[in-house]
Protein chains: 2
Amino acid sequence: MTARDRVLDAYESLLIEVGPAAATLDAVSSSAGVSKGGLLYHFPSKEALVTGLLERLRRRGLEDAARMREAEDGAVATWLRGSAPPLESTSGLSRTYVAALRIAGGDEASELARAVFAEIDEGWFAALRDELGDPARARLVQLVGDGLYLAAVTGAEDAGPVPVDDLLAALAPVLGRSTPSSPDVSDRD
Amino acid sequence: MTARDRVLDAYESLLIEVGPAAATLDAVSSSAGVSKGGLLYHFPSKEALVTGLLERLRRRGLEDAARMREAEDGAVATWLRGSAPPLESTSGLSRTYVAALRIAGGDEASELARAVFAEIDEGWFAALRDELGDPARARLVQLVGDGLYLAAVTGAEDAGPVPVDDLLAALAPVLGRSTPSSPDVSDRD
DNA sequence: GTCTATAGATGGATAGAC
DNA sequence: GTCTATCCATCTATAGAC
C-alpha cells in the first residue's frame with residue numbers, strides 16, 4: 001500500500017475515533033507511520049489532505065452507486081444495508097463517508113465537500129429512482145438510509161445492529177411487491 | 001435577553017455558519033457583544049460552553065417531543081416538518097440541533113453529546129410510536145426525519161425546500177388512513 | 001459583571017539535511 | 001521521498017484593574 005493511502009486511512013480513523021479537532025497533522029502522520037514532513041510531502045497542506053479525502057469519497061461513492069445498480073438483492077436493500085455501517089470492520093466507502101461527515105461544514109474546503117456530497121447523493125438517488133420508478137419513493141428510501149448515517153454522527157452506535165430487515169418490512173407497502181426475489185434482472189457479467 | 005443566552009445564540013450561529021474550528025471564544029464573544037473575559041465569566045471554559053449548548057438542546061428537545069404529542073396535524077407531520085429546518089429563520093430547536101451536530105464527535109464533551117442525542121431521540125421515537133402504534137413504523141418515520149437533518153450536515157440546502165407533503169404522500173401506504181384531518185384533538189390553550 | 005493584557009500550549013507550515 | 005528542527009499564528013485560559 002502506498003504511503004499516500006496509509007495517510008488517508010489514518011486520517012479517516014482519527015476523524016471517526018477522536019474527531020476533527022484531534023486529527024492534527026502530528027496525530028495523522030504518527031498514526032500513519034510517517035513523519036510530519038513526510039506527510040506534507042504527499043499533502044502539501046492540511047487543506048490538501050482534506051481534498052484528498054474528498055476525492056477518495058467521490059471515487060468510492062460513484063463506484064458504489066454503480067454497484068448498487070447491479071446488486072443481486074436490488075438497489076434498495078443494498079442502499080439500506082450499506083447505510084448501516086459497522087465502522088470497525090469496514091475499510092471502504094462507509095468509513096470514508098462518515099469521516100467526511102465529520103469535517104463537513106468545518107473548514108474552507110466545505111464548498112468542495114458540499115459539491116462531492118451532492119454528486120454522490122445524486123448518484124445514489126438515480127440508482128434508487130431507476131429501480132423504484134418514481135422520484136418520490138426514491139427520495140423516501142434515500143432519506144431512510146441518510147437517517148442511518150446520521151446515527152454515525154450523533155454517535156448512537158450502542159443502539160445495536162440496525163434492523164434493516166424490519167425497515168424493509170415496514171417499507172413494504174411503499175415498495176410494492178418488488179421483493180428481493182424478483183427475477184426480472186438479467187444476469188450479466 | 002440574558003447575556004448567557006446571547007452567548008449561546010452566537011455560538012450556535014457560528015457553529016452553523018463558519019464551523020466549529022472558527023467558533024473560537026474570541027469569535028463567539030465578539031459576535032455576542034461581550035468581551036472574552038465576559039464570556040468566560042458565564043462559561044468558565046470552552047467545555048462549559050459546549051455543555052451549555054447541550055443542556056439547551058436537551059431542554060428544547062424534550063419540550064419539542066411533548067409538543068409533537070399535542071400537535072393538531074399529528075406527530076408524524078410535525079416531526080417531518082420540523083426536520084426540514086430553514087436554519088435562517090428558526091431560532092429554536094432545529095438550530096440548536098444542527099449546531100450540536102457540528103460538534104458531535106469533536107471534543108471531550110462528545111460523551112455528553114451522545115447521551116443528549118440519545119435521550120431526545122428516544123423522546124421523539126416514543127411520540128411517533130404512540131401515534132403510529134408500532135415501533136417499526138415509528139423508527140421508519142424517525143429515520144426519514146433524521147435523513148432530512150443529515151442534509152444540514154452535508155450542506156445540501158440548495159436542494160430547495162424539502163417536499164414534506166410529497167414525503168407524506170409517499171409514506172401514506174405505511175401510515176394507513178390517519179390523515180392530518182383527524183379531529184380527535186381537543187383544543188386546549 | 002465586564003474589561004484588558006498576557007501567559008502557556010499547540011497547530012500548521014517552512015527549511016534544509018540525508 | 002522522508003526526516004528533524006524551527007518559525008509563526010492562534011487558541012484557551014488566567015490575572016488583575018475597573
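Naming convention: chains lettered A, B, ... in sequence-line order (proteins, then strands); numbering from 1 in each chain. Nothing here was measured: the structure is a model prediction, and the numbers come from that model.
With rounding to whole Å, A/Glu47 atom CD is found 13 Å from C/dG12 atom P. Going from atom NZ of A/Lys36 over to atom C1' of C/dG16 covers 16 Å, rounded to whole Å. Look at CZ on B/Phe43: it is 15 Å from P on D/dT12, rounded to the nearest Å. In this structure, A/Tyr41 places its OH atom 17 Å from C1' of C/dA13, rounding to the nearest Å. Rounded to an integer number of Å, the gap from A/His42 NE2 to D/dG1 P is 7 Å. Atom-to-atom, CZ of A/Arg6 to C1' of D/dT2 comes out at 11 Å; the value is rounded to the nearest Å. What separates CG of A/Leu39 from P of D/dA5 is a distance of 18 Å, to the nearest Å. Rounded to whole angstrom, the span from the CG atom of B/Asp26 across to the C1' atom of D/dT10 amounts to 9 Å.
Heavy-atom nearest nucleotides on DNA chain C were determined for A/Gly37 and for A/Ala23, and the one closer to the 5' end corresponds to A/Ala23.
Evaluation of atom-type donor-acceptor distances gives no pair under 3.5 Å for the side chain of A/Lys46 against the base of C/dG11.
A salt bridge between B/Glu17 and B/Arg95 is present, with a side-chain N of the basic residue lying under 4.0 Å from a carboxylate O of the acidic one. Under 4.0 Å is where a charged nitrogen must lie from a carboxylate oxygen, and between B/Asp64 and B/Arg67 at least one such pair does. Electrostatic pairing of B/Arg139 and A/Asp166 does not count as a salt bridge here, judged by no charged N lying under 4.0 Å from a carboxylate O.
Among the protein residues, A/Leu40 comes within range of the nucleic acid bases, having at least one heavy atom under 4.0 Å from a base atom. Residue contacts for A/Thr24: at a heavy-atom cut-off of 4.0 Å it reaches the sugar-phosphate backbone alone, with no base atom in range.
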